[in-house]
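So the structure is just underneath, and the comments pick up after that.
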Amino acid sequence: MRKRSKIALGMIGGGLWGLLLVGGPQWLGFGYIPAPLALPAALLAPGLFLVAVIGFLAQRRFFDDAIIDGEPFTHGSPEEIAQRVLANTVEQLVLALAIWPFVALTLGGAVAISLGLGFTLMRVVFWLGYLISPPLRALGFAGTFYPTLVAAVWSILIWV
C-alpha cells in the first residue's frame, strides 16, 4: 500500500504541474503568441528528447554485438528501459499533437510553449524514475499526461 501512496503523490504532483504549466503563462500576463509561431517552439524540446532517446538506443546497438542485429533487449536493462520510455513518449507526443494546436489557438502560444518545455522536463523525470524509483516515474508520467489533459479541458471551457 505504501508504494501506491507514493505513486498517488506523484500523480497529484503531475496534476498540480499541469495547472502551473497551463495557468502560469496566463497568470504572468504573457501576451498572445499566434499558434503558427508557437507550435514549432512548443514541439522542439519534445522532439529533441526523442532524438536523445533514439540516439541512446542506436549507440547502444551499434557498440554491442549481442543486439547490433536488432535482437530484443534484456529485460530490465538500460536499453529495454529506454525502449519503454521511447514508446511511452511517442504515445504522449501523439496525444500532444492532437491537442496542443487547439490549446495554442484558444489559450495562446505561450501556453503551448510552456507545455512543450514542461513535457520535456517530465520525460527526463520519467526516464530517471524508471531507473531509480517508481514514484518518480509516476511523477514523470503524470507530469506529461495531466498538463495536456488540463490544457484540453481549460481550452474547451474557454472555447465554449
Side-chain angles (χ1 to χ4, degrees), residues 1-58 78 80-160:
M1 188 65 128
R2 185 176 165 145
K3 184 185 268 188
R4 282 189 178 81
S5 297
K6 288 180 181 178
I7 291 171
L9 284 175
M11 294 170 65
I12 290 167
L16 294 173
W17 178 248
L19 290 172
L20 179 67
L21 290 178
V22 176
Q26 298 173 82
W27 299 324
L28 294 172
F30 290 148
Y32 184 85
I33 301 171
L37 294 176
L39 286 171
L43 295 170
L44 179 62
L48 291 174
F49 181 80
L50 282 176
V51 167
V53 179
I54 293 167
F56 171 81
L57 288 169
E80 194 258 346
I81 289 169
Q83 186 69 48
R84 283 192 250 161
V85 169
L86 178 62
N88 185 263
T89 300
V90 169
E91 293 165 1
Q92 295 292 331
L93 199 49
V94 168
L95 181 63
L97 288 169
I99 293 173
W100 291 3
F102 182 68
V103 170
L105 288 171
T106 55
L107 300 179
V111 173
I113 292 169
S114 174
L115 288 169
L117 294 173
F119 180 101
T120 305
L121 177 63
M122 285 296 143
R123 288 285 89 191
V124 171
V125 170
F126 182 70
W127 196 352
L128 290 173
Y130 250 118
L131 297 169
I132 298 170
S133 161
L136 193 58
R137 187 178 80 224
L139 174 63
F141 174 83
T144 305
F145 176 73
Y146 289 141
T148 299
L149 179 62
V150 167
V153 170
W154 200 320
S155 294
I156 290 168
L157 292 174
I158 295 294
W159 186 57
V160 174

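Heavy atoms only: backbone and side chains are in, while hydrogens, waters and symmetry mates are out.
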So which heavy atom on [X] is nearest to which on [Y], and how close?
X      : Y      : result
Leu107 : Ala151 : CD1-O, 4.2 Å
Pro40  : Ala35  : CD-O, 4.3 Å
Ala142 : Gly10  : CB-O, 3.9 Å
Ile33  : Ala38  : CG2-CB, 3.9 Å
Ile7   : Ala138 : CG2-CB, 3.5 Å
Pro147 : Trp17  : CG-CD1, 3.8 Å

Main-chain N/O of Leu21 paired to Ser114 side chain as donor or acceptor, under 3.5 Å: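 Judged by distance alone, yes, a pair lies under 3.5 Å.
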Sidechain-backbone polar pair: Tyr130 side chain, Pro78 backbone, donor-acceptor under 3.5 Å: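 The answer is no, because no donor-acceptor pair under 3.5 Å joins these two groups.
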Ring geometry between Phe49 and Trp127 (parallel below 30°, tilted from 30 to 60°, perpendicular above 60°):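 Aromatic pair Trp127/Phe49 classed perpendicular.
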Geometric class of the Phe126/Phe141 ring pair [parallel <30°, tilted 30-60°, perpendicular >60°]: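 The rings of Phe141 and Phe126 sit tilted, inter-plane angle from 30° to 60°.
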Check: Leu39 and Pro101 side chains under 4.5 Å, non-hydrogen atoms: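 Side-chain contact under 4.5 Å: yes.
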Measuring from atom [atom1] of [X] to atom [atom2] of [Y], what distance do you get when rounded to the nearest 0.5 angstrom?
X      : Y      : atom1 : atom2 : result
Met122 : Leu117 : CE    : CG    : 12.0 Å
Ile81  : Leu86  : CD1   : CG    : 13.5 Å
Leu139 : Thr144 : CG    : OG1   : 9.0 Å
Trp100 : Leu95  : CH2   : CG    : 9.0 Å
Ile12  : Leu16  : CD1   : CG    : 7.5 Å
Arg123 : Leu121 : CZ    : CG    : 11.0 Å

More than 12 heavy atoms of other groups within 6.0 Å of Trp159 CH2: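 No, because the 6.0 Å sphere around CH2 of Trp159 holds 12 heavy atoms or fewer from other groups.
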Steps toward side-chain contact (heavy atoms from CB on, under 4.5 Å) verdict (Leu43, Leu97): CA-CA 9 Å; Leu43 295 170; Leu97 288 169; 3.5 Å; yes
Trp154 and Gln26: CA distance, side-chain angles, deciding distance, side-chain contact (heavy atoms from CB on, under 4.5 Å) verdict: CA-CA 12 Å; Trp154 200 320; Gln26 298 173 82; 3.7 Å; yes
Derivation and outcome, side-chain contact (heavy atoms from CB on, under 4.5 Å), residues Phe30 and Val111: CA-CA 9 Å; Phe30 290 148; Val111 173; over 6 Å; no
For Ile99, the option from Thr148, Leu149, Val94 that meets side chain to side chain contact (heavy atoms under 4.5 Å, CB included):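 In the set Thr148, Leu149, Val94, the residue that makes a side chain to side chain contact (heavy atoms under 4.5 Å, CB included) with Ile99 is Thr148.
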Verdict with reasoning, Thr89 to Val53, per side-chain contact (heavy atoms from CB on, under 4.5 Å): CA-CA 10 Å; Thr89 300; Val53 179; 5.7 Å; no
